[in-house]
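The chains referred to below are lettered A, B, ... by the order of the sequence lines, with proteins before strands, and numbering in each begins at 1.
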Number of protein chains: 2
Amino acid sequence: MPAVADTPAFSPLYRQIKDLLVKGLQGGEWAPGAAIPSELELAARYKVSQGTVRKAIDELAAENLLVRRQGKGTFVGTHAEAQTQYRFLRLADDAGIAQGLTRRFIDCRRGRASAEVARALALKSGDAVVQIQRLLSLATRPVVLDEIWLPGALFKGLTAERLADYRGPMYALFETEFGVRMIRAEEKIRAVAADADSARLLDVVAGAPLLAVDRWSYSYGDEVLEWRRGLYQTRDHHYRNQLS
Amino acid sequence: MPAVADTPAFSPLYRQIKDLLVKGLQGGEWAPGAAIPSELELAARYKVSQGTVRKAIDELAAENLLVRRQGKGTFVGTHAEAQTQYRFLRLADDAGIAQGLTRRFIDCRRGRASAEVARALALKSGDAVVQIQRLLSLATRPVVLDEIWLPGALFKGLTAERLADYRGPMYALFETEFGVRMIRAEEKIRAVAADADSARLLDVVAGAPLLAVDRWSYSYGDEVLEWRRGLYQTRDHHYRNQLS
DNA sequence: ACGCATTTGTTCGTATGTATT
DNA sequence: TAATACATACGAACAAATGCG
């Protein structure tokens, strides 16, 4: 009559393998963009069949943590490659795909977390944080004004100059220079009226409606490593989303 | 030396099975919520192995066209069940999950497609359309004002009374009464200022910023069957999204 | 309450196809 | 051409969940 209580911790083999692979990624055993061992090697290492490894990798590939390439191998997901650059950015041009994205860093300073920022980043009030302001433009037109907060402890040496000098997405800089890998994000979107400063930078009139996109970015193990608030000008651009 | 030109139309067995299953769904062989034949039955019918059927169903389940239930069978996706109701609605309360969704139909009329509506629904200007206006409220507070256009030819007999009488999501009504199944949707979101009428209905001041959410809903085979524009009041609610 | 049949879920093994280098 | 890696396909067995008698 005691029964098995609840057996809270059962998981099939392939999921245990998946967890081991995530640990390998998290521990830095394989770098972003690098190949992980072949399915047969992993099967040998973990003493399971190739099919079980395959199922674990399938799930990781579906979550974009890994990318499979037939004939070549399986690679660690990254924000640095052309196909996957800006994969978190859902802004699209109303007309076509005519891009031409440019960035301008307005500010980058170190400070202490306010209560609000601390809550968002799972820190304590007063903990060190980095605050970045930047403007994204598409084809000469300013479209996104971002305010970004990062935990200071993980981003030692991040400066405005470093940001400005780097060619490529900010998330790629985070990967290569700070070992911080963003693998998923949650966004909350609302409509707000532009204040005077934002309006000036985004080239709209004060009070104009803007999207306010709050984003929490996570690394392995549901760890929040970034909070940002983006103000999107949607006069001739929009935020796109797929539902299913 | 002629070579195979390009072999534009090769697809693996499991994908051919997948296509056959979609044809069955599209042809109404299995109704929303009903069980499809077991994997072994399907394997026998199509003369392939169970594993091949399984892979086809896996993909369809990932797209929410089918739902697997261990020990019970595989079922056709629907908007009618508690778990999957309002699965296209991404609005969330800022605080918790405290829902309590109520609907009020403001208008439902038949008319002719304007050029804009015709383009959105892949119709010709002047084709018959149904236009619906409705208001969604969460816990007594109005939150979404929807304007919905449907192709008139497919929704004969849809009236304001029919809409008001039906208990359950509108997409469920479409499934059971009109044989129209929405399986995916695309949304384009921007920020706009509330006009006088919208402001009154949503209980905000005129000019208040609102989300304008344009949605195109598709049935099997990428067929557009609905266009709607929702105005979302985001004072104490937000549009949530997951990125990966 | 128990056992049985059904159905999906997991795991293994093997063989062959296709893409890459 | 050959070797390697992922992709497809088949077969088999057992586990777990469900529903029925």
- Message: Heavy atoms only, 4.0 Å cut-off, all strands: where does A:Arg54 land among base, sugar-phosphate and nothing?
- Response: base
- Assign A:Gly73 to base, sugar-phosphate, or nothing according to its heavy-atom contacts below 4.0 angstrom with the strands shown. sugar-phosphate
- Task: Just compare C:dT11, D:dA9, C:dT7 and give me whichever is closest to any side-chain atom of B:Glu41.
- Result: C:dT7
- Task: Tell me which nucleotide among C:dC12, C:dT8, C:dT10 gets nearest to the side chain of A:Val48.
- Result: C:dC12
Can you check the [X] [atom1] to [N] [atom2] distance for me, whole Å?
{"X": "A:Phe75", "N": "D:dT4", "atom1": "CZ", "atom2": "C1'", "result": "12 Å"}
{"X": "A:Gln16", "N": "C:dC12", "atom1": "CD", "atom2": "P", "result": "11 Å"}
{"X": "A:Arg69", "N": "D:dC6", "atom1": "CZ", "atom2": "P", "result": "12 Å"}
{"X": "A:Leu42", "N": "C:dC12", "atom1": "CG", "atom2": "P", "result": "14 Å"}
{"X": "A:Lys18", "N": "C:dT10", "atom1": "NZ", "atom2": "P", "result": "11 Å"}
{"X": "A:Gln50", "N": "C:dT14", "atom1": "CD", "atom2": "P", "result": "12 Å"}
{"X": "B:Leu40", "N": "C:dG9", "atom1": "CG", "atom2": "P", "result": "13 Å"}
{"X": "A:Lys55", "N": "D:dC6", "atom1": "NZ", "atom2": "P", "result": "19 Å"}

- Item | Under-4.0 Å salt bridge between B:Asp214 and B:Arg229 | yes
On the nucleotide [N], are OP1 or OP2 found under 4.0 Å from the side-chain N or O atoms that [X] carries?
{"X": "B:Thr52", "N": "D:dC10", "result": "yes"}
{"X": "B:Arg68", "N": "C:dG9", "result": "yes"}
{"X": "B:Lys72", "N": "C:dT8", "result": "no"}
{"X": "A:Thr74", "N": "D:dC6", "result": "yes"}

- Task: Might you work through the side-chain contact (heavy atoms from CB on, under 4.5 Å) test for A:Ile57 and A:Leu21, ending with a clear yes or no?
- Result: CA-CA 8 Å; A:Ile57 293 179; A:Leu21 290 173; 4.1 Å; yes
- Query: Hey, does the side-chain of B:Glu39 have a donor or acceptor N/O within less than 3.5 Å of a partner on the base of C:dT7?
  - Reply: no
- Do B:Gln70 and D:dA16 share a donor-acceptor pair, side chain to base, under 3.5 Å? yes
- Query: Just checking, B:Arg69 and B:Phe75: is the charged tip under 6.0 Å from the six-membered ring centre and within 45° of the axis?
  - Reply: yes
- Counting only heavy atoms not in B:Glu161, do more than 12 sit closer than 6.0 Å to its CD atom? no
- For B:Ser38 and for A:Gly71, locate the closest nucleotide of DNA chain C by heavy-atom distance; then report the residue assigned to the nucleotide nearer the 5' terminus. B:Ser38
- Does some side-chain heavy atom of A:Tyr218 sit less than 4.5 Å from a side-chain heavy atom of A:Leu225? no
